Colleague: 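Before I ask anything, here is the structure I am working with.
Everything numeric in this text was worked out from a predicted model, so none of it was measured.
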Amino acid sequence: MQPRFLFLTGEPAATLPLLKDRPIWAPVLSAVTFDVSAGRLHRRRSATDDFRGVVYFADVRDKDVEQHNLRVLAENNIPCWPDPAALRAASQRHAALGRCVDAGLVDHPVVQSPFTRDPLLPFPYVLKIGEEHRGEGKFLVQSARDIPRWDGIATAEPFFEGESVRVLILGERAFGVRIRNEGTWIKNAPGASFEAWEPDEAIVTHARRAARLFGLEIAGIDYVIDRTGPHFIELNPFPRVGLSNESAALARGIFRRAMDIVETTANASGRPG
């Protein structure tokens, strides 16, 4: 049977079991550029694809490809979970943080600026360049000599010394993980280790506010906790869900319902299939 629906995933161990009994669904494990022609969703170099809907849960490293795909899905009303417009907003690193600032979710100074040799904050501070997550494009600026050149907008925030944690929102449930990395100050960079951590009610409430701001049922919200309390760092719309057997099972339940919704929406829309 020809696959008619796509599941973009960056965590195959947690998601591929869902596809074993759904032959109309196909996994996508790498960056692929999609287009829509005459209402038909297809890979850019394929003349035969005709995909009817998508579950989109993969952080694509090439952000131009990611933004293109999400824009194509949104503009052409291709059935997609989560809402591709919400994913576009959440995955734009600097704009998403600015939105969180405007919503009152950030309690520390945030400066967003085009390139300048002038310090954006008192030293030391963290400079974020580009649209990547996973700790990429982060620089610890301890003096003017550390200021790198960048294109577009960069974000500067204070450097907090403390414990790096993530609150994983899975629908009505929340899980916590502590992130350690002995090799670098960027805790979620390669080499990171993760251990279970119990978030308190206040930080879970804050994390839920951040997820709701972007309309996301699943999200990872990162904080640094120091002696003054937790500091919001960023929201990841494609977090690792397999922190434990329980979190992976809950995520699969959410994905299963999402697949049902995408199929039902595609059928109701009258898309040929």
Side-chain angles (χ1 to χ4, degrees), residues 5-19 22 25 27-29 53-61 63 66-67 69-70 73-74 78-93 96-97 99-100 103 105 131-134 165-179 188 192 194 196-199 201 203-223 232-265:
F5 297 90
L6 298 175
F7 197 126
L8 280 75
T9 177
E11 198 173 350
T15 55
L16 291 187
L18 292 168
L19 277 59
R22 297 213 188 192
W25 284 81
V28 179
L29 305 179
V54 179
V55 168
Y56 201 113
F57 199 74
D59 185 10
V60 177
R61 185 173 295 274
K63 293 304 174 184
E66 180 175 88
Q67 290 295 307
N69 287 342
L70 293 172
L73 291 168
I78 302 296
C80 179
W81 182 97
D83 174 13
L87 289 179
R88 282 194 75 200
S91 61
Q92 294 173 335
R93 184 189 220 175
L97 182 57
R99 187 170 173 181
C100 291
L105 292 169
E131 299 290 349
E132 291 283 354
H133 289 278
R134 299 186 301 271
V165 300
R166 167 171 288 182
V167 178
L168 173 65
I169 299 296
L170 293 174
E172 297 303 314
R173 296 288 305 278
F175 295 80
V177 62
R178 182 181 290 109
I179 308 170
N188 60 338
F194 303 87
W197 163 75
E198 189 66 32
E201 183 177 350
I203 199 170
V204 169
T205 298
H206 186 278
R208 289 195 186 282
R209 286 180 58 203
R212 282 197 301 267
L213 181 64
F214 295 94
L216 298 175
E217 190 173 1
I218 297 179
I221 298 87
D222 295 340
Y223 300 86
F232 173 89
I233 301 300
E234 62 187 9
L235 177 145
N236 186 339
F238 309 113
R240 178 186 173 198
V241 297
L243 302 179
S244 66
N245 290 336
E246 183 182 12
S247 67
L250 281 169
R252 281 193 289 270
I254 294 172
F255 292 143
R256 191 175 292 111
R257 292 192 296 274
M259 294 164 75
D260 291 340
I261 290 170
V262 168
E263 289 183 31
T264 299
T265 304

Colleague: State, yes or no, whether a side-chain contact exists between Leu19 and Phe255 at a heavy-atom distance under 4.5 Å.
Modeller: no
Colleague: I'd like to know if the side chain of Arg208 and the backbone of Glu172 have a donor-acceptor N/O pair within less than 3.5 Å.
Modeller: yes
Colleague: Are Cys100 and Leu213 packed together at the side-chain level, in the sense that at least one heavy-atom pair is separated by less than 4.5 angstrom?
Modeller: yes
Colleague: Answer yes or no for Arg166 and Tyr223: cation-pi contact, defined as NZ/CZ to six-membered ring centre under 6.0 Å and angle to ring axis within 45°.
Modeller: no
Colleague: About how many Å separate CG of Leu8 and CD of Glu66, when rounded to the nearest 0.5 Å?
Modeller: 10.0 Å
Colleague: Which atom pairs, one a donor and one an acceptor, fall under 3.5 Å between side chains of residues 81-89 and the rest of the protein, sequence neighbours left out?
Modeller:
unit_1	atom_1	unit_2	atom_2	d
Asp83	OD1	Ala85	N	3.1
Arg88	NE	Gln67	OE1	3.1

Colleague: Is there a side-chain contact between Asp222 and Phe232, using heavy atoms and a 4.5 Å cut-off?
Modeller: no
Colleague: Working to the nearest 0.5 Å, report the span between CZ of Arg257 and CD of Glu217.
Modeller: 6.0 Å
Colleague: Please report the interatomic distance CG(Leu168) to CD1(Ile218), rounded to the nearest 0.5 Å.
Modeller: 7.5 Å
Colleague: Take Trp25 and Leu18 through the side chain to side chain contact (heavy atoms under 4.5 Å, CB included) test and state the conclusion after the steps.
Modeller: CA-CA 9 Å; Trp25 284 81; Leu18 292 168; over 6 Å; no
Colleague: Would you say the ring centroid of Tyr56 lies under 6.0 angstrom from that of Phe7?
Modeller: no
Colleague: Between Glu263 and Phe5, does a side chain to side chain contact (heavy atoms under 4.5 Å, CB included) hold up when you go through it step by step?
Modeller: CA-CA 8 Å; Glu263 289 183 31; Phe5 297 90; 3.9 Å; yes
Colleague: Can you tell me how far apart CG (Leu6) and CD1 (Ile78) are? Round to the nearest 0.5 Å.
Modeller: 10.5 Å
Colleague: If you round to the nearest 0.5 Å, how far is CD1 of Ile221 from CG of Asn236?
Modeller: 9.0 Å
Colleague: Using only atom types and a distance under 3.5 Å, with no angle test, would you say the side chain of Arg99 pairs donor to acceptor with the backbone of Phe214?
Modeller: no
Colleague: State, yes or no, whether a side-chain contact exists between Val165 and Ile179 at a heavy-atom distance under 4.5 Å.
Modeller: no
Colleague: Testing the basics here: between Leu70 and Ser91, what is the closest heavy-atom pair and its distance to 0.1 Å?
Modeller: CD1-OG, 4.2 Å
Colleague: Please walk me through it: do Arg22 and Arg256 pass side chain to side chain contact (heavy atoms under 4.5 Å, CB included)?
Modeller: CA-CA 10 Å; Arg22 297 213 188 192; Arg256 191 175 292 111; 3.5 Å; yes
Colleague: When the side chains of residues 237-245 are checked against the rest of the protein, which donor-acceptor pairs come out under 3.5 Å, sequence neighbours left out?
Modeller:
unit_1	atom_1	unit_2	atom_2	d
Ser244	OG	Glu246	N	3.4
Ser244	OG	Ser247	N	3.1
Ser244	OG	Ser247	OG	3.4

Colleague: Would you say Glu131's side chain and Arg93's backbone share a donor-acceptor pair under 3.5 angstrom?
Modeller: yes
Colleague: Test Val262 against Val55 for side chain to side chain contact (heavy atoms under 4.5 Å, CB included), laying out the working first.
Modeller: CA-CA 8 Å; Val262 168; Val55 168; 4.3 Å; yes
Colleague: According to salt bridge (Lys or Arg N to Asp or Glu O under 4.0 Å), who are the partners of Glu11, at least two apart in sequence or on a separate chain?
Modeller: none
Colleague: Is a side-chain donor or acceptor of Arg252 paired with a backbone partner of Thr15 at a separation under 3.5 angstrom?
Modeller: no
Colleague: Mind listing the closest non-hydrogen atom pair of Ile254 and Leu170 along with its distance?
Modeller: CD1-C, 3.7 Å
Colleague: So, taking the atom named CE in Met259 and the one named CD1 in Ile261, what distance separates them when rounded to the nearest 0.5 Å?
Modeller: 12.0 Å
Colleague: What closest approach, in Å, do Leu105 and Ala210 show between heavy atoms, and which atom pair accounts for it?
Modeller: CD1-CA, 3.7 Å
Colleague: Looking only at heavy atoms, which two atoms of Pro17 and Pro12 are closest? And how far apart?
Modeller: CD-O, 3.8 Å
